[in-house]
2 protein chains.
Amino acid sequence: MLTQNNTTVATEWLDRLKASGYRLTDSTRAVVQVVAENSFALEPAQIFISARQLSPHLGLVTVYRTLDKLEETGLVQRVHQLNGCHAYVPAAPGHQHLLVCRSCSRVEYFSGDDLDELFGQVGRERGFLIQDHWLQLYGLCSVCQKEEAAG
Amino acid sequence: MLTQNNTTVATEWLDRLKASGYRLTDSTRAVVQVVAENSFALEPAQIFISARQLSPHLGLVTVYRTLDKLEETGLVQRVHQLNGCHAYVPAAPGHQHLLVCRSCSRVEYFSGDDLDELFGQVGRERGFLIQDHWLQLYGLCSVCQKEEAAG
DNA sequence: CTCTTATTGAAAATAATTATCATTATCAGT
DNA sequence: ACTGATAATGATAATTATTTTCAATAAGAG
């Protein structure tokens, strides 16, 4: 019953989950539907509220479990914010970084390919072997800038 | 009784706290002593264990409260790690970024002054007003690289 | 030395996440 | 389609992390 509403991204995610050996259920489909088609950083409780409208018997526990699977499969990633680090967004394709709106938590992606070399250099200077990096920009998206100027 | 052991950094922190209107107590001094003189990312529970050796009646609640004050005053900052974002290190002077060892959680600092312009550019392209950014590099420090090669 | 009031620690309350477990439902192999 | 092994589910309980409450203490200005 969720099937007809599935858009391309959500069905892709479901295929990926299935390919990873997970079974697909209505609960899974509801959570995927909510997170995959979304450009805001969402916390488990928010996802729960939205997804339960698509699958009324859904439990919060299943949201946590599904997020684990999605993270495991590389389909979502955590967003680190000032008020905590428990929100999720669709994982950036390739190695991209996040732009997060402080007001509405909208997320956009950008690539910083040219940064890798710089970071490696920084590591070498300090005897560190750099394995990964983590970069986020915070600010106001265009929508919230207008709101702020108006209100 | 903690006074004789205080090194320069810790006393500086205490002065800063006092200047901000906070009263200084043995509990405060113990927490400051532990965190200020340290180059590893420490969680509240770890700080509690160490600091209680300096001030035996110290309660865990006071560690949380002191960390809040220290963060408020800009003396410590949070470290975001894969397993959570509840560890603290001395705040980087100026606007610096962190290099975190994944094995021992040792932290070093580096400045990326030249990055600000790049980030502003990224924001402009997407209509974002960039207000802040957050960058951490993860890897292995020199000590842990050797250990790994040996073990 | 005194007084005001910030700070403390113990205990309780809250919030967030994880484990337990009997039941249900997916889907591979007929 | 049918069946069986077993992954997934949701309710409940347990655990962990953090915050609140509150009476007692102690810092530090005057």
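A, B, ... follow the sequence lines: proteins, then strands. Residue 1 opens every chain.
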Atom pair distance, as rounded to whole Å: [atom1] in [X] and [atom2] in [N]:
| X | N | atom1 | atom2 | answer |
| --- | --- | --- | --- | --- |
| A:L60 | C:dA16 | CG | P | 10 Å |
| B:Q46 | D:dT16 | CD | P | 16 Å |
| B:N83 | D:dT16 | CG | P | 16 Å |
| A:L17 | D:dA7 | CG | P | 16 Å |
| B:L67 | D:dA17 | CG | P | 15 Å |
| B:F48 | D:dT18 | CZ | P | 14 Å |
| A:L70 | D:dA8 | CG | C1' | 14 Å |

Determine, for A:R65 against A:D68, whether the closest basic-nitrogen to carboxylate-oxygen distance falls under 4.0 angstrom. no
Does a side-chain N-to-carboxylate-O contact under 4.0 Å join A:D15 and A:K18? no
Check this one for me: any side-chain N or O of [X] less than 4.0 Å away from OP1 or OP2 of [N]?
| X | N | result |
| --- | --- | --- |
| A:T28 | D:dT9 | yes |
| A:K69 | D:dA7 | no |
| A:S27 | D:dG10 | yes |

Ring-ring centroid check B:H97 B:W134, cutoff 6.0 Å: no
Output one line per pair: protein atom, nucleotide atom from nucleotides 26-29 of chain C, and distance, for all N/O pairs under 3.5 Å.
from	atom 1	to	atom 2	distance (Å)
C:dT26	O2	A:R23	NE	3.4
C:dT26	O2	A:R23	NH1	2.7
C:dT26	O2	A:R23	NH2	3.3
C:dC27	OP1	A:L24	N	2.8

In terms of the nearest nucleotide of DNA chain D, which residue is placed more toward the 5' end: B:R65 or B:H86? B:H86
In terms of side-chain heavy atoms, does A:Q121 have a donor or acceptor partner in A:E125 at a distance below 3.5 Å? yes
Within a 6.0 Å radius of atom NE2 on A:H57, are there more than 12 heavy atoms belonging to other residues, nucleotides or ligands? no
Would one find more than 12 heavy atoms of other residues, nucleotides or ligands at under 6.0 Å from atom CD of B:E72? no
